[in-house]
Amino acid sequence: MAWEADFLGSMSNLRGPVMDKIMWFFSMLGDGGWFLILTTIVLLIMVKTRRIGVEAAASLILTFIIGNLIIKSIVGRIRPYDAYTFLQAIVSKPIDSSFPSGHTSNSFAVAVAILLNDRKLGIPAVIVAAMIAFSRLYNVVHYPTDVIAGLILGTTAAVTVHILYNKLIRNKIVEDIRTTN
């Protein structure tokens, strides 16, 4: 869509050496999922945050399967820097398709899983996820609708996992009560 290319073109007005480094950093946090996987592992290892880690891991796996493996292959949207010659990516160019943003969906899956269980940890996590999402626009590797779809996918996955996890716990408690009576 032309409005998306115009929006991404306007991102060049924000560019500068310091901002480029900041946006490279946030974009790099989502590369290959290493930061999100590491965060999830830390949450899983610590007893106090193990439940958050389980939800984050399930949400991350769900968004990866739905977004990266299924939707990207079905939609096959070309990256903005390939579609519009006036747009220049300032990070290494991804080789997969553009829709939805995997960086955004995966980072919001983990951040919302944290937020749903612990506001104190969740608010900074959502801010980092938002910065990762914005970096994908700033670096011209995604269209705005890719990022919006990623945000919706990641958030929906985390909320769904949270609801199902709570339901499983309630069902287990009810079953345990029935078997002890």
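What you see is a predicted model, and the numbers here were worked out from it, not measured in a lab.
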Could you tell me which non-hydrogen atom of [X] sits nearest to which non-hydrogen atom of [Y], and how far apart they are?
{"X": "T63", "Y": "A157", "result": "CG2-CB, 3.4 Å"}
{"X": "P100", "Y": "G67", "result": "CD-O, 3.9 Å"}
{"X": "D118", "Y": "K120", "result": "OD1-N, 3.0 Å"}

Quick one: [atom1] on [X] to [atom2] on [Y], what's the gap to the nearest 0.5 Å?
{"X": "N139", "Y": "H142", "atom1": "CG", "atom2": "NE2", "result": "10.0 Å"}
{"X": "Y138", "Y": "D20", "atom1": "OH", "atom2": "CG", "result": "3.5 Å"}
{"X": "T156", "Y": "F108", "atom1": "OG1", "atom2": "CZ", "result": "12.0 Å"}
{"X": "S10", "Y": "D6", "atom1": "OG", "atom2": "CG", "result": "8.0 Å"}
{"X": "L36", "Y": "I41", "atom1": "CG", "atom2": "CD1", "result": "11.0 Å"}
{"X": "I74", "Y": "L69", "atom1": "CD1", "atom2": "CG", "result": "11.0 Å"}

**Complete:** The residue among L115, V112, T160 that forms side-chain contact (heavy atoms from CB on, under 4.5 Å) with T155 is V112

**Item:** Remaining members of hydrophobic cluster (4.5 Å side-chain criterion), I152
**Value:** I148

**Asked** Which residues, ordered by chain and number, are linked to L153 in its hydrophobic cluster, where ILVMFWY side chains connect at heavy-atom gaps below 4.5 Å, directly or through other members?
**Response** L62, I66, I71, V75, F99, V161

Donor-acceptor pairs are to be reported for all side-chain atoms of residues 121-134 against protein atoms at under 3.5 Å, with residues two or more places apart or in another chain.
none

**Asked** Can you check side-chain contact (heavy atoms from CB on, under 4.5 Å) on V159 and L116, steps first, answer last?
**Response** CA-CA 8 Å; V159 169; L116 290 170; 4.1 Å; yes

For [X], give me all partners under side-chain hydrogen bond (donor to acceptor under 3.5 Å, both in side chains), at least two apart in sequence or on another chain.
{"X": "D31", "answer": "H103"}
{"X": "Y143", "answer": "none"}
{"X": "S107", "answer": "none"}

**Prompt:** With a 4.5 Å limit on heavy-atom distance, are the side chains of P144 and L8 in contact?
**Reply:** yes

**Residue pair S98 / P80, side-chain heavy-atom distance below 4.5 Å** = yes

**Item:** Residues in ring pair (Phe, Tyr, Trp, His ring centres under 6.0 Å) contact with F64, at least two apart in sequence or another chain
**Value:** none

Taking distance alone, no hydrogens or angles, what donor-acceptor pairs closer than 3.5 Å link side-chain atoms of residues 51-60 to residues at least two apart or in another chain?
from : atom 1 : to   : atom 2 : distance (Å)
R51  : NE     : E55  : OE2    : 2.9
R51  : NE     : N117 : OD1    : 3.1
R51  : NH1    : N166 : OD1    : 3.4
R51  : NH2    : E55  : OE2    : 3.1
R51  : NH2    : N166 : OD1    : 2.2
E55  : OE1    : N117 : ND2    : 3.0
E55  : OE1    : H162 : ND1    : 2.8
E55  : OE2    : H162 : ND1    : 3.2
S59  : OG     : E55  : O      : 2.8

**Request:** Could you list all the salt bridge (Lys or Arg N to Asp or Glu O under 4.0 Å) pairs where at least one residue sits in residues 74-86, not counting sequence neighbours?
**Result:** E4-R77, R77-D146, R79-D96

**Prompt:** Which salt bridge (Lys or Arg N to Asp or Glu O under 4.0 Å) pairs, counting each pair once, include a residue from residues 122-142, with sequence neighbours left out?
**Reply:** none

**Contact list for residues 33-47, test side-chain hydrogen bond (donor to acceptor under 3.5 Å, both in side chains), sequence neighbours left out** = none

**Message:** Taking CE in M19 as the centre, count heavy atoms belonging to other residues, nucleotides or ligands within less than 6.0 Å. Is the count above 12?
**Reply:** yes

**Item:** ring pair (Phe, Tyr, Trp, His ring centres under 6.0 Å): pairs with one or both residues in residues 76-97, sequence neighbours excluded
**Value:** Y84-F86

**Prompt:** Are any side-chain N or O atoms of K72 and backbone N or O atoms of S97, one a donor and one an acceptor, separated by less than 3.5 Å?
**Reply:** yes

